[in-house]
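The structure appears below as structure tokens.
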Amino acid sequence: MAKTLHSGRVQALSGSARVPGDKSISHRALMLGALAVGESVVGGLLEGDDVLRTAACMRALGAEITRHEDGRWHLFGRGVGGLSEPADLLDMGNSGTGARLLMGLVATHPFTSFFTGDASLRSRPMRRVTEPLARMGARFFTRDGGRLPLAVVGTASPLPISYELPVASAQVKSALLLAGLNTPGETTVIEREATRDHTELMLRNFGADVRVEATESGGRAITVTGFPELTGRQFEVPADPSSAAFPTVAALLVEGSEIVLPGVGINPLRTGLYQTLREMGADLRYENRRDQAGEPVADLRVRASRLKGIDVPAERAPSMIDEYPILAVAASFAEGTTRMRGLAELRVKESDRLAAMARGLAACGVVVEEEADALIVHGKGRAPRGDALIATRFDHRIAMAFLVLGMAAERPVAIDEAEAIDTSFPGFVALMNGLGAAIGSTDADAV
Ligand SMILES: O=C(O)C1=C[C@@H](OP(=O)(O)O)[C@@H](O)[C@H](O)C1
Ligand SMILES: C=C(OP(=O)(O)O)C(=O)O
């Protein structure tokens, strides 16, 4: 893919397109498949860079993983506690999920591993996982105390802990639950606000004992019992609702559009964006609801709609944390003001997404206010100007959000570092252009 891409105004989008597999579920499928006894077969796995890194690391830790010609991935796991010391660095690329979950998994294996990643990942906070994992007995060596590269010295005699998450984070929750698998007794994670529960659902699916209880303060306590016998499973990964968000918003904004996105995951802990868009006036339907490997899925039908600005409650943030960039684009076309609050976590994603959206929208002629943990977009009920080159800082969601803005803006929008899109949504440009978008390359050396 070329480094710079541009996207210009188009006529109605139409047709049906399958977005790639869910990134969160794909990481977990590879990790649990690598721990299960016997063969697992996974269809619909996301083949984006982040997940391919996890596959390579699970191989380096001893699992047998092959992709068959029919696109299915076959895994032979090593049993809980059966991973072996990797010979080389574990390079997690751009992936916070891969890095944090895997640090949890190896923390309770008695060997040493070394983690690194790209410049974006090396700038992201890791103390949120190393601190509770150290309480379980693992040791960590880092240059500046909280970032990659770092060494994990796993413990041979892990202690179970009960830990209340200081930030709403499915990655930290999952790291601890995965560490708890090779730990005697019960490991409990308490979350004040519910975050995506794919680890809990998939652990149960593979045969682990996972208990979820409501806490008095309205949160939940999730407990995993150590040393479960996980056995190989066959399943299909649902299409990713976080990826589906981009064609969804594009179809809402481009006049006359109607598209269908089949088989998208609609786990309620992931669908805050869809609820918010409906409240803004979106014609967005779930059709043919069904269940896939313990996860609810549906076909999304989206028709172009006039949107109005709303206040998005801060409590909704965990269920749409990766969707604020594209929601901010939708808000910039809406009539009236959209206030998005409780967004401090956006500052420590692949880039500072609050700053990136505020800067990029302003460059496109949108009136926007950035606060410490809020973004306020003043929509005018018509297309923004566009006509900007956006610095993505190698952040896939910033890249895709501004390409969508360009599809309905007065003038085209360009983005740099478009390769970042491949981390979560390989085939994005072809899929969008197949629906009627006009995303093209501006680089002479385009491939
Ligand atoms: O557990 C996961 O798969 C993820 C959790 C979220 O991160 P946090 O746990 O940091 O909120 C999300 O932003 C990320 O894209 C995927
Ligand atoms: C934040 C994201 O991913 P990760 O934390 O895995 O890098 C994302 O995909 O938007």
Side-chain angles (χ1 to χ4, degrees), residues 20-32 46 48-54 92-105 117-129 132 148 165-178 189 191-203 222 237-238 240-246 265 267 269-270 272-273 295 316-327 342-354 356-357 392-401 420-426 428:
D22 190 282
K23 177 158 71 70
S24 293
I25 295 176
S26 295
H27 283 298
R28 289 156 171 84
L30 291 169
M31 291 183 194
L32 294 191
L46 171 63
D49 286 348
D50 278 16
V51 173
L52 296 177
R53 296 275 178 172
T54 292
M92 307 312 303
N94 192 243
S95 177
T97 309
R100 296 195 179 112
L101 269 58
L102 207 46
M103 281 163 60
L105 204 46
D118 71 7
S120 156
L121 187 59
R122 292 197 307 272
S123 73
R124 295 175 66 184
M126 292 297 153
R127 207 172 262 134
R128 54 181 61 194
V129 283
L148 301 187
L165 297 180
V167 284
S169 168
Q171 292 178 3
V172 179
K173 170 177 67 177
S174 300
L176 298 178
L177 295 176
L178 293 175
V189 181
E191 48 183 15
R192 275 169 279 184
E193 301 164 283
T195 65
R196 66 190 70 193
D197 59 357
H198 305 302
T199 303
E200 296 91 305
L201 295 177
M202 199 181 293
L203 274 171
I222 302 116
V237 176
D240 195 325
S242 298
S243 297
F246 298 98
N267 180 319
L269 295 169
R270 293 289 299 282
L273 173 77
E295 293 273 355
R316 202 176 285 169
S319 69
M320 54 182 296
I321 193 66
D322 295 338
E323 281 66 79
Y324 285 97
I326 191 63
L327 175 62
L343 307 187
E345 276 294 297
L346 291 195
R347 297 212 181 267
V348 291
K349 296 295 182 184
E350 282 81 329
S351 70
D352 177 343
R353 290 180 173 164
L354 261 184
M357 288 313 297
T392 66
R393 309 202 180 227
F394 208 77
D395 187 325
H396 52 132
R397 306 224 186 262
I398 301 301
M400 293 186 277
I421 294 172
D422 285 346
T423 60
S424 69
F425 200 154
F428 172 76

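We count ligands from 1, going down the list as the structure has it; atoms in each ligand are counted the same way.
Near Lys23, the atoms of ligand 1 lying under 4.0 angstrom from a non-hydrogen atom of the residue are 15 (O). Those atoms of ligand 1 that come under 4.0 Å of a heavy atom in Thr97, given as number and element, are 2 (C), 3 (O), 4 (C), 14 (C), 16 (C). Atoms of ligand 2 found under 4.0 Å from any heavy atom of Arg397, numbered from 1 in the order shown, are 8 (C), 9 (O), 10 (O). Atoms of ligand 2 lying under 4.0 Å from at least one heavy atom of Gln171, given by number and element, are 4 (P), 5 (O), 6 (O). Less than 4.0 angstrom separates some heavy atom of Gly96 from each of these atoms of ligand 2: 4 (P), 5 (O), 6 (O), 7 (O). Which parts of ligand 1 touch Ala170 is read off a 4.0 Å heavy-atom cut-off, strictly below it: atoms 1 (O), 9 (O). Near Gln171, meaning under 4.0 Å from one of its heavy atoms, ligand 1 places the atoms 1 (O), 2 (C), 4 (C), 5 (C), 6 (C), 7 (O), 8 (P), 9 (O), 10 (O), 14 (C), 16 (C). Taking a cut-off of under 4.0 Å to the non-hydrogen atoms of Lys349, the atoms of ligand 2 that pass are 1 (C). Every atom of ligand 1 is numbered from 1 in the order shown, and the set under 4.0 Å from a heavy atom of Asp322 is 12 (C), 13 (O), 14 (C), 15 (O).
Taking 4.0 Å as the cut-off, Ser95 counts as a neighbour of ligand 2 on heavy-atom distance. Heavy atoms of Arg100 stay at 4.0 angstrom or farther from ligand 2. Between His396 and ligand 2 there is a heavy-atom distance shorter than 4.0 Å. Under the 4.0 angstrom criterion for non-hydrogen atoms, Arg353 is in contact with ligand 2. For Arg28, the closest heavy-atom approach to ligand 1 falls below 4.0 Å.
Residue Asp22 comes nearest to Leu46 through the heavy atom pair O-CB, 4.4 Å, listed as atom of the first residue, atom of the second, then distance. For Arg124 against Val348, the heavy-atom pair with the smallest separation is NE-O, 3.2 Å. Shown here for Asp240 and Lys23, the closest heavy-atom pair between the two residues is OD2-N, 2.8 Å. Pairing each heavy atom of Leu177 with each of Leu203, the nearest pair is CB-CD1, 4.4 Å. A pairwise comparison of heavy atoms in Pro132 and Leu176 identifies CB-CD2, 3.7 Å as the closest pair.
Salt-bridge formation is not detected for the pair Arg53/Asp118: no Lys NZ or Arg NE/NH1/NH2 atom is positioned less than 4.0 Å from an Asp or Glu carboxylate oxygen. Ion pair Arg128/Glu345 flagged as a salt bridge, since at least one NZ, NE, NH1 or NH2 atom sits closer than 4.0 Å to an Asp/Glu carboxylate oxygen.
Residue contacts with ligand 2, taken as heavy atom pairs separated by less than 4.0 Å, involve Arg124 solely via side-chain atoms from C-beta onward. When non-hydrogen atoms are compared, ligand 1 lies under 4.0 Å from the side chain of Arg196 (C-beta onward) but not from its backbone. Residue contacts with ligand 2 for Asn94 involve N, CA, C or O but no side-chain atom from C-beta outward (heavy atoms, distance under 4.0 Å). Here Thr97 has heavy atoms under 4.0 Å from ligand 2 in both its backbone and its side chain.
Under a 3.5 Å cut-off, the side chain of Arg397 and the backbone N or O of Glu323 do not form any donor-acceptor pair. Listed for the Asp197 side chain is no donor-acceptor partner under 3.5 Å among the backbone atoms of Glu200. Looking only at distances, no side-chain donor or acceptor of Ser174 sits under 3.5 Å from a matching main-chain atom of Gln171. The backbone N or O of Leu148 lies less than 3.5 Å from no partner atom in the side chain of Arg122, so there is not a single donor-acceptor pair. The main-chain N or O of Ser24 is found under 3.5 Å from a side-chain atom of Arg28 such that the two form a donor-acceptor pair. Side chain of Lys173 to main chain of Thr195: a donor-acceptor pair is present (N/O by atom type, distance under 3.5 Å, no hydrogens or angles). With Asp395 contributing its side chain and Ser351 its backbone, the two residues share a donor-acceptor pair below 3.5 Å.
In terms of polar-atom proximity, defined here as any N/O pair under 3.5 Å, Ser169 does make such a contact with ligand 1. For Ser24, a nitrogen or oxygen atom sits less than 3.5 Å from a nitrogen or oxygen atom of ligand 1, counting backbone and side chain alike. For the pair Val172 and ligand 1, the shortest N or O to N or O distance does not fall below 3.5 Å. On a distance-only criterion, Asp50 and ligand 2 share no N/O pair closer than 3.5 Å. Checking only distances, Gly98 never comes within under 3.5 Å of ligand 2, N or O to N or O.
If you run side chain to side chain contact (heavy atoms under 4.5 Å, CB included) between Ile398 and each of Arg393, Glu350, Met357, only Met357 comes through.
Here the protein heavy atom with the shortest distance to atom 1 (C) of ligand 2 is Glu350 OE1, 3.0 Å.
Among Lys349, Arg353, Arg124, the residue whose heavy atom sits closest to atom 10 (O) of ligand 1 is Lys349.
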